[in-house]
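Only one structure is covered here, and it is reproduced in the block below.
By convention here, the first residue in the shown sequence is residue 1.
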Amino acid sequence: MNVLVFLHDSALEHDTGPGHPECTDRYVAVRAGLDRIDESWLLREVAPEADLAAIRAVHAEPYVRAVLDAIPGQGLARLDPDTVVSPGSRGAALRAPGGAVAAVDAVLGGRVQRAFSAMRPPGHHAESSRAMGFCLFNSIAVAAAHARAAHGVGRIAIVDFDVHHGNGTQEIFWDDPQTLFVSTHQWPLYPGTGAAGERGAHGNILNLPLPPGTDGLAYRQRFTADVLPALERFAPELLLVSAGFDAHRDDPLAGMRLVEDDFAWITRELVAVAERHAKGRVVSVLEGGYDTGALARSVTAHLRALAGEDGA
């Protein structure tokens with residue numbers, strides 16, 4: 001099974017300053033991991049810039065303008081205490097959602113069944129009118145809105161296994177009964193949202209807060225008991241994945257205990273759901289992951305599972 005990966009070196013131009021965890025080293029590590037996959041099924045294409053209209057489908061126009069206007073001519077600027085832009089940020093800010101949109105087009109256009117956007121910055125904390133948590137534009141939300149507007153997809157499931165709650169994605173789709181948002185995340189942890197009682201206006205939100213120290217066995221048990229039945233009931237026509245790898249035991253920003261095999265297992269389970277309900281169509285978008293070695297290994301495991309390798 002071919003997997004199409006979207007990349008662009010504008011991800012190297014988005015400078016967040018010395019010591020910032022969401023840094024260019026993340027993209028360098030992911031690229032190095034991809035280079036070690038010597039397989040014919042791994043395809044690569046350039047992540048294009050997203051049309052501003054696609055971004056405005058989920059973000060308010062004044063917010064889009066404010067983010068782009070905030071990019072400085074020199075030095076660094078902060079949109080919140082954690083979210084930094086630099087003179088090279090415009091390309092990355094547009095190509096991160098652009099890669100996600102291109103992945104949707106490739107999958108729904110029938111070119112491939114599985115695609116992954118390996119761009120930074122991440123996006124799942126960005127709300128409709130608010131940047132936060134390293135995120136400028138919400139790439140997975142832009143991708144979902146594009147799938148619906150350009151391809152007529154009805155039911156879309158978004159599964160977010162980043163260690164931090166995808167508050168932005170939840171806020172954007174809170175009142176959308178055609179979008180199921182599922183988030184597994186450490187609790188308590190930034191950004192402080194994602195309680196189990198946050199269910200969405202139509203019961204279309206499923207939050208699974210997990211305690212620090214959760215290991216692969218405990219995670220798999222909760223995923224099997226709660227996430228998979230919810231996806232089966234919803235029967236998505238397209239499965240989108242916010243693929244954050246900061247639940248890894250080596251990650252410095254959290255305290256969960258997953259390893260590469262766990263991310264491969266999660267991916268295989270999601271692929272199986274997609275095979276039953278969504279013609280096998282899965283689009284995955286990189287979110288967090290801040291230990292570069294663990295990130296590279298975990299992305300590789302994720303891609304192999306998307307391709308149907310690693311025990312499939």
Side-chain angles (χ1 to χ4, degrees), residues 21-22 26 29-30 33 36 116 122 124-125 133-134 140 157-167 169-170 180-198 205-232 239-274 282 284-312:
E22 205 297 287
R26 300 182 65 236
V30 170
R36 288 192 289 270
F116 176 69
H124 71 153
H125 293 310
F134 317 154
I140 203 79
I158 302 172
V159 177
D160 185 334
F161 57 74
D162 191 282
V163 80
H164 303 95
H165 179 242
N167 60 290
T169 313
Q170 174 172 292
L180 174 67
F181 175 62
V182 179
S183 178
T184 62
H185 48 274
Q186 182 177 315
W187 178 278
L189 194 65
Y190 180 91
T193 55
E198 297 169 19
I205 306 291
L206 175 61
N207 285 310
L208 290 179
L210 300 167
T214 297
D215 62 9
L217 177 60
Y219 184 98
R220 295 184 194 203
Q221 289 172 340
R222 287 297 306 276
F223 199 90
T224 299
D226 296 303
V227 175
L228 296 179
L231 291 172
E232 292 292 338
L239 183 57
L240 304 182
V241 183
S242 269
F245 299 98
D246 39 7
H248 195 284
R249 67 185 179 189
D250 293 340
D251 199 273
L253 297 192
M256 287 178 61
R257 304 288 297 168
L258 303 192
V259 296
E260 296 91 315
D261 285 348
D262 297 311
F263 294 119
W265 179 87
I266 296 165
T267 307
R268 290 195 299 271
E269 293 298 317
L270 294 177
V271 164
V273 171
V282 180
S284 179
V285 174
L286 180 64
E287 300 285 2
Y290 304 100
D291 179 275
T292 55
L295 175 62
R297 297 191 304 273
S298 299
V299 167
T300 297
H302 179 58
L303 293 176
R304 289 190 179 279
L306 286 176
E309 292 196 344
D310 190 16

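- A donor-acceptor contact shorter than 3.5 Å links the side chain of His185 to the backbone of Gly194.
- Counting only heavy atoms from C-beta outward, the side chains of Thr184 and Tyr219 approach each other to under 4.5 Å.
- Applying the side-chain hydrogen bond (donor to acceptor under 3.5 Å, both in side chains) test between His125 and each of Asp162, Asn167, Thr193 identifies Asn167 as the sole match.
- Summarising the geometry, atom NE2 belonging to His124 is positioned 9.5 Å from atom CZ belonging to Phe134; distances are rounded to the nearest 0.5 Å.
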Could you pull out every donor-acceptor pair under 3.5 Å between side chains of residues 206-214 and any protein atom, sequence neighbours left out?
| from | atom 1 | to | atom 2 | distance (Å) |
| --- | --- | --- | --- | --- |
| Asn207 | OD1 | His165 | NE2 | 2.9 |
| Asn207 | ND2 | Gln170 | OE1 | 2.9 |
| Asn207 | ND2 | Ala195 | O | 3.4 |
| Asn207 | ND2 | Glu198 | O | 3.2 |
| Thr214 | OG1 | Pro211 | O | 2.6 |

Evaluate Leu270 against Leu231 for side-chain contact (heavy atoms from CB on, under 4.5 Å), listing each step before the verdict. CA-CA 9 Å; Leu270 294 177; Leu231 291 172; 3.7 Å; yes
Can Glu269 and Leu228 be said to form a side-chain contact (heavy atoms from CB on, under 4.5 Å), step by step? CA-CA 8 Å; Glu269 293 298 317; Leu228 296 179; 3.3 Å; yes
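- Residue Arg220 holds its CZ atom at 9.0 Å from CG of Leu258, rounded to the nearest 0.5 Å.
- By the 4.5 Å heavy-atom criterion applied to side chains, Phe245 and Leu286 are counted as neighbours.
- Under the 3.5 Å distance criterion, the side-chain polar atoms of Asp246 are matched with a main-chain donor or acceptor of Val163.
- Residues passing the salt bridge (charged side-chain N to carboxylate O under 4.0 Å, His left out) test with Asp250, sequence neighbours excluded: Arg297.
- Rounding to the nearest 0.5 angstrom, the gap separating the OH atom in Tyr190 from the CG atom in Leu253 is 11.5 Å.
- Between atom CZ of residue Arg26 and atom OH of residue Tyr290 there is a gap of 5.0 Å, rounded to the nearest 0.5 Å.
- Side-chain contact between Leu240 and Val285: absent, with no pair of heavy atoms (C-beta onward) separated by less than 4.5 Å.
- Taking both residues in full, the closest heavy atoms of Ser183 and Gly166 are given as OG-N, 3.8 Å, listed atom of the first, atom of the second, then distance.
- Closest heavy-atom contact between Leu180 and Ala230: CD2-O, 4.0 Å.
- Contact record, Val282 with Ala274: CG2-CB, 3.5 Å, taken as the closest heavy-atom pair.
- A donor-acceptor pair shorter than 3.5 Å cannot be found between the side chains of His302 and Glu260.
- A distance of 9.5 Å separates CD1 of Ile158 from CG of Leu239, quoted to the nearest 0.5 Å.
- In terms of heavy-atom proximity, Ala301 sits nearest to Ala264 at O-CB, 4.0 Å.
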How far apart are the C-alpha atoms of Trp265 and Phe223, what are their side-chain angles, what is the distance that settles it, and do they pass the ring pair (Phe, Tyr, Trp, His ring centres under 6.0 Å) test? CA-CA 10 Å; Trp265 179 87; Phe223 199 90; 5.7 Å; yes
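- The OG1 atom of Thr292 sits 10.5 Å away from the CG atom of Asp251 when rounded to the nearest 0.5 Å.
- Among all heavy-atom pairs drawn from Gln186 and Ala254, the shortest one is OE1-CB, 3.5 Å.
- Asp215 approaches Arg257 most closely through the heavy-atom pair CA-CB, 3.8 Å.
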